Amino acid sequence: MNSEEMLANLGQTSDDTEFFTPMPPGYVPGRSKYVVVFGTVMSGLGKGIFSSSLAKILQDKGLVVAPIKLEGYLNRDSGTLNPLRHGEVFVLDDGIECDMDLGTYERMLDQDLSRLNFATSGQIFSSVLEKERAGAYLGRDVQMIPHVTGEVKLRLRKLAQAAEADVVFVEIGGTVGDVENAYFIEAVREMSYEEGVGNFCFVALTYIVEPQILGEQKSKPAQLNLKLLNAAGIHPHIIACRASVPVTRKVREKIALYATVPTERVFSMHDCESVYIVPEMLRGAGIDAAVLELLGLPERGPSDAERAARAAWNQYITRLREARQAVTIGIIGKYTSVRDSYASIIQALEHAGTYLGAKVQLTWVDSSDLTDATAQERLAGIHGVIVPGGFGVRGAEGKITCIRHVRERGIPYLGICYGMQLAVIEFARHVCGLQDANSTEIARHCAHPVIDILPEQKKIEGLGGNMRLGGQDMVLTPGSQACELFGGAERIRLRFRHRYEVNPEYVPLMERHGMRFSGRSPQHPIMQILELPAAQHPYFLATQSHPELSSRPAHAQPLFVGLVRAALIYAGVPADALPPSPAPPPRPKQPDPDATPAVRTC
Ligand code: GLN
C-alpha cells in the first residue's frame with residue numbers, strides 16, 4: 001500500500017476534533033449490523049462453535065453474514081504456531097494460515113472465507129506502524145486509543161463493506177480480562193457508539209461450574225467474570241451459559257439478576273453429541289429471535305428457503321444419529337495427544353462416515369516407537385489408516401513402517417501431505433529398491449532425494465524455503481481412482497501447505513513399478529495425488545494437499561469418503577450395501593488474481 005492509499009484508508013481524520021473515526025471510503029454507519037461474542041471465565045468454551053452456529057441460523061434466514069476472528073497474539077498469522085498448543089493451523093483458499101475456528105465457520109456456513117475474516121494483533125500493530133512511518137497520522141502521537149483501536153474498527157468496517165454483510169460476527173479471542181484483547185473490547189465498545197443505537201449486539205459466553213463435591217451448578221465465577229465486561233464499558237445483551245448439562249432456570253435467573261439481563265436472554269448452551277446440533281439447539285431456545293429483535297431486523301416467519309436449509313441440515317444430523325456401522329480408522333502421528341491438532345481430519349471423517357451411514361471410531365497411534373516388530377500389534381483392529389500432515393524427523397521412520405505394513409497387507413490408506421511424501425519414500429525404498437531414498441527434510445544428503453525442495457519450486461515462489469500455501473488447481477488423470485472419486489471431474493481445487501514435494505526425476509521409475517501420479521499441477525511438475533491401481537491395493541491414495549480443509553457436512557470430501565468406504569469393505573460390509581459416491585464439492589471461487597501471493601518465509 002502506498003502512503004496515498006494509506007491516507008485514503010484512514011478516512012475521516014481531523015485536527016479539529018478528538019474523534020478519530022477511520023472509515024473506508026463509501027462506508028455508511030449503521031448499514032451493517034454487528035454481533036460480538038466475548039468469552040468469560042476461561043478459554044476453550046467453544047466460542048467459535050457458538051458464534052458460527054449463531055451466524056448459521058441468521059444465514060438460514062437469508063441474511064448475508066460475515067465472520068471475523070480477532071486474535072490477541074502478536075504473530076501475523078497462525079503459521080508459526082505449534083498445533084500442540086493452539087490446535088491445527090487452518091489454511092484458507094487465499095493462502096492465509098489462520099486459527100482453527102475459521103474452519104468451524106467455513107463448515108457451519110458452507111462459505112469460503114479469506115484473509116479479511118482473520119486479524120491478529122501482529123497484523124493490527126504492523127499496519128499502525130507502517131502508517132506511522134508513512135506519516136499518516138497528522139503529526140499526532142500514535143496511541144493505543146484512538147489509533148490501534150481505530151485500526152481494529154477499520155478492519156471490521158472493511159469486512160462489512162467487502163462482504164456486503166447484513167450482519168458481521170466478531171469473535172474476540174481469549175477471555176475478558178486478558179491484557180491481549182483489551183483493546184479489541186475497547187474498539188467494539190467505541191464502535192457500538194459510532195454505529196448508532198441498535199446496530200450492535202453483545203453476547204457473552206460464560207461457564208457454569210458444577211463441582212463434583214457439591215453436585216450442583218454454581219454461577220459465581222460467571223457472575224464475577226461478567227462484571228469484568230461491565231468494567232470495560234460493555235453491557236451484554238445476551239448471555240450464553242456453557243455447561244456439561246442443561247443450565248437450570250434457577251441458575252439462569254441468578255445470572256440474569258446479577259448481570260442485569262432479562263432471564264429470557266440467558267441461554268443454556270450445554271454439551272451435545274456433535275457441534276452440528278448446536279444451531280438447532282440455539283434456534284430451539286429462541287436465540288435467533290432475540291438477536292433479530294435487538295438488531296431491529298424484522299423477524300419474518302420461516303421462509304421456504306429457511307425451511308429448506310433447516311431440512312438439509314437436519315438430514316445430516318439424522319444420518320449422524322442413525323449411523324450404526326462401526327469402522328475404525330487409525331491416525332498415525334506425533335501430536336496424537338491433542339485432538340485439536342487434527343480437528344479438520346476428525347471433522348472430515350465424521351462427514352464421510354455420516355454420508356456412508358457409519359460411525360467412525362478413531363484410534364490414535366503414536367509413530368515415535370512404531371517398528372516392524374510392533375506394527376502388527378499396534379495396528380490390530382484398524383480398518384483404515386491416515387498418515388496426516390507433519391514436519392520434521394521425529395516419528396517419520398515409524399510412519400514409513402506403518403505405510404509399508406498397510407501397503408503390503410491391503411489395509412486402506414490415505415496419506416495427507418507428509419503422508420504422501422512418506423508413502424513415496426516407502427515405495428521407493430521397498431518396491432523400487434532405492435534403499436537410501438528419503439526426503440531432504442529428514443536426511444539432507446541422502447543418495448536418493450525422492451522428496452526435495454526443487455529449484456522449480458523456488459522459482460515459482462520467488463524466495464527459497466517458502467511454503468506453498470492455499471488453493472491450487474489440480475488436473476486428474478481420466479480413468480484414475482482419484483478422477484472417479486471426484487465424479488469424473490478432470491480439474492479440481494484443493495488447499496496446500498508444504499515446502500517439499502515429489503522429485504520429478506524419480507517419477508518415471510516409480511511409475512514403472514506401478515505407482516500412478518493421478519493428480520498433478522496444471523502448470524508445474526508438482527505431483528499432487530498418487531494411487532496404487534485397484535488390482536494391487538483396494539485403496540492406497542495420498543495427496544500433497546490437505547483435503548480435510550475443504551470437507552463440509554453438506555459436501556463430504558471424496559478422498560475421505562473413498563477411505564471410509566474402503567475401510568467399511570475391509571471390515572466386511574458388502575460394497576453394494578454402501579451408497580454411491582457423493583456429488584463432488586462445488587469448486588471454490590477463484591481468488592482475486594491481484595491479491596498478494598500467499599508465501600511465508602520460514
Ligand atoms: N513437511 C512437509 C513439507 O514441508 C509436509 C508438510 C505438511 O504435511 N503440511 O513439505
Side-chain angles (χ1 to χ4, degrees), residues 77-84 86-93 95-98 100 103 331-336 340-345 348 367-368 385-400 402-403 413-426 428 437-444 446 449-458 460-461 463-472 474 494-504 506 519 521 524-530 541-551 559 598-602:
D77 56 41
S78 310
T80 52
L81 299 183
N82 179 348
L84 256 183
H86 293 274
E88 75 179 358
V89 177
F90 200 82
V91 183
L92 300 180
D93 192 82
I96 183 131
E97 295 167 289
C98 57
M100 58 187 280
I331 300 183
I332 322 294
K334 172 163 93 165
Y335 301 129
T336 48
D340 274 0
S341 324
Y342 298 117
S344 292
I345 291 184
S367 58
S368 22
V385 161
I386 290 180
V387 171
F391 293 84
V393 178
R394 223 191 86 202
E397 284 301 324
K399 290 178 191 168
I400 293 172
C402 166
I403 296 169
Y413 176 69
L414 176 62
I416 297 177
C417 202
Y418 209 24
M420 163 161 163
Q421 298 173 358
L422 298 174
V424 166
I425 297 170
E426 189 281 318
N438 219 325
S439 162
T440 48
E441 180 176 3
I442 301 171
R444 206 170 198 171
C446 58
V450 290
I451 305 292
D452 197 3
I453 301 186
L454 298 169
E456 187 64 21
Q457 157 91 10
K458 288 178 195 160
I460 302 162
E461 309 293 2
L463 292 161
N466 286 337
M467 291 272 234
R468 181 167 172 257
L469 291 167
Q472 303 281 346
M474 207 189 275
L494 288 170
R495 298 184 193 175
F496 289 77
R497 181 173 187 249
H498 67 119
R499 188 176 311 120
Y500 295 83
E501 62 197 46
V502 179
N503 184 341
Y506 290 90
S521 154
H524 308 288
I526 303 177
M527 304 302 124
Q528 310 202 120
I529 296 188
L530 66 77
L541 253 106
T543 174
Q544 189 58 80
S545 68
H546 285 275
E548 72 277 19
L549 302 180
S550 34
S551 183
L559 300 180
V599 290
R600 174 166 68 76
T601 309
C602 299

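A quick note: this is a predicted structure, and the numbers were derived from the prediction, not measured. Every number for a ligand or one of its atoms is a count from 1 in the order of the listing.
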**Q** Do R495 and L92 have side chains that approach each other closer than 4.5 Å (heavy atoms only, starting at C-beta)?
**A** yes
**Q** With a heavy-atom distance limit of 4.0 Å, tell me whether M467 approaches ligand 1 through its side chain, its backbone, both, or neither.
**A** neither
**Q** Test of understanding: given a 4.0 Å heavy-atom threshold, classify the contact between R497 and ligand 1 as side chain, backbone, both, or neither.
**A** backbone
**Q** Measure from atom 5 (C) of ligand 1 to every heavy atom in G390, G415, G392 and give the option owning the shortest one.
**A** G390
**Q** Can you tell me the protein heavy atom closest to atom 7 (C) of ligand 1 and the distance?
**A** C417 SG, 3.0 Å
**Q** Might you point out which heavy atoms bring Q544 and M420 nearest each other, and give the distance in Å?
**A** N-SD, 3.2 Å
**Q** For atom 4 (O) of ligand 1, what's the nearest protein heavy atom and its distance?
**A** R499 N, 3.2 Å
**Q** For a side-chain contact (heavy atoms from CB on, under 4.5 Å) with H498, tell me which candidate from R468, H546, M467 qualifies.
**A** R468
**Q** Looking at ligand 1, is there an atom of it that comes within less than 4.0 Å of some heavy atom belonging to E501?
**A** no
**Q** Can you pull out the closest protein heavy atom to atom 10 (O) of ligand 1? Residue, atom name and distance to 0.1 Å, please.
**A** Y500 N, 2.8 Å
**Q** Take L422 and I442 through the test side-chain contact (heavy atoms from CB on, under 4.5 Å) and record every step on the way to the result.
**A** CA-CA 10 Å; L422 298 174; I442 301 171; 4.0 Å; yes
**Q** Are D340 and M100 packed together at the side-chain level, in the sense that at least one heavy-atom pair is separated by less than 4.5 angstrom?
**A** yes
**Q** Mind checking whether H546 has a heavy atom under 4.0 Å from ligand 1?
**A** yes
**Q** Can you report which non-hydrogen protein atom sits closest to atom 1 (N) of ligand 1, along with the distance?
**A** E441 OE1, 2.7 Å
